[in-house]
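Values below: all heavy atoms of this structure, side chains included; hydrogens, waters and symmetry mates excluded. One is the number of the first residue; the rest follow in order along the sequence.
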Amino acid sequence: MDTASPYLGRAQELLAAHPVVDGHNDLPWALRKNVRYDLDRLDLSADQTGVLHTDLPRLRAGGVGAQFWSVYVTCGMSGDDAVSATLEQIDGVQQMLERYPAELARALTADDMERARAAGRIASLMGAEGGHSINNSLATLRALYELGVRYMTLTHNDNVPWADSATDEPAVGGLSPFGREVVREMNRLGMLVDLSHVAATTMRDALDATTAPVIFSHSSARAVCDHVRNIPDDVLERLSGNGGVAMATFVPKFILPAAVEWTLAADDNLRAHGYHPLDMSPEAMKLHAAFEEARPRPVATAATVADHLDHMREAAGVDHIGIGGDFDGTAFVPDGLDDVSGYPNLIAELLRRGWSEPDLAKLTWKNAVRVLGDAEAVARDERARRGPSNAVIADLDA
């Protein structure tokens, strides 16, 4: 943490009153890969610096009041294997909540988030990252909702049969008819439609199809860094009409133009040695370190993230922005945002730039709580009008 910042004390005071709702943290996957969810072997009540970006002491130091835990499973899993692994991820989060009840509170609604904050606990919600987790089944989607999942990212890095990903070759041109039915059923449930990772065509189709606000759980501004994982201005501009929230991510390769080319080369180096670019194993990280020594990595900072937030506020409006760091889901992080204790540095930078405390309270807490509450209100109306959809992809996309 940059203890030299004259704005840091004000940032910490603001976060005490209006803590961060972070839209995306991959701790469950890190626990799965490192210790198969064994919290005796990796105790989150202790400082895990050097092992994880996330633990309870650093969440407290960072002023985090609510966290959407990603129950991500890799695109290498498909069909029933992907569904089973998603259920294991959900169970891993539940084990975490049972292990640390004084610190973490299960949250299913906006009111739950407020109650957790009032009790001094971190509201814990879940988001499924990628439509492959439902295996083309609306019944499975409903089951995930009943288990506590409150957003689903429509794709991850690969297309699903009914939606195009930002990082795959276009297949259906955005959303297929079944994809639009998935969005409608999510609206009926009160599950937030998450448009991080999806192609811009999918973003626009989802905004056309939805009756509820959408979110981007961890995406930044494409006008500031031209990466396909980021949000074009025309989409940001639609959020004010939709009521949605775009949550800026911290991943350097998505926010720093100089890091884009470097990351492509680093990924090619991993592939050449037989590793997937998302591999964060010790062996893969040694290769990364050797590559970085020979070719120094461009380094993002809290100011880099602030540049995105400045633009997103201008394009979408201050009521439609938030924060989604992607901690424990990325090998590299910005200086000053090294782990979940770093949020005060970002808030201090925004204070330095003249952001008002009421606007910062919207960024950190109010917008994210409001968007979930709005989705719940839409769901009450939708459920009063219609029952569950039993549509199947073979019929709608024939």
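Note on ring orientation: taking the six-membered ring where Trp is involved, the planes of His288 and Trp262 are parallel (angle under 30°, cut-offs 30° and 60°). Ring geometry for His156 versus His132: interplanar angle of 30 to 60°, hence tilted. Using bins of under 30°, 30° to 60° and over 60° for the plane-to-plane angle, the ring pair Phe327/His53 lands in the perpendicular bin.
Residues Asn25 and Asp326 have side chains not in contact (no heavy-atom distance under 4.5 Å, counting atoms from C-beta outward). Counting heavy atoms from C-beta on, the side chains of His320 and Lys362 never come closer than 4.5 Å. Taking 4.5 Å as the limit, every side-chain heavy atom of Thr86 sits out of range of all side-chain heavy atoms of Met77.
Between Asp234 and Arg204, at least one side-chain N (NZ, or NE/NH1/NH2) sits under 4.0 Å from a carboxylate O, which counts as a salt bridge.
Within the structure, every pair that satisfies the salt bridge (charged side-chain N to carboxylate O under 4.0 Å, His left out) test and touches residues 123-145, not counting sequence neighbours, is listed here: Arg142-Glu185.
A side-chain hydrogen bond (donor to acceptor under 3.5 Å, both in side chains) with Arg229 is found for exactly one of Ser219, Ser165, Ser220, namely Ser219.
Shown here are the side-chain hydrogen bond (donor to acceptor under 3.5 Å, both in side chains) partners of Trp355, two or more places apart in sequence or in another chain: Asp310. Applying the side-chain hydrogen bond (donor to acceptor under 3.5 Å, both in side chains) rule to Asp55 yields the partners Arg58; only residues at least two apart in sequence or on another chain are considered.
At least one test fails for Arg32 against the ring of Tyr37: distance under 6.0 Å to the centre or angle within 45° of the axis.
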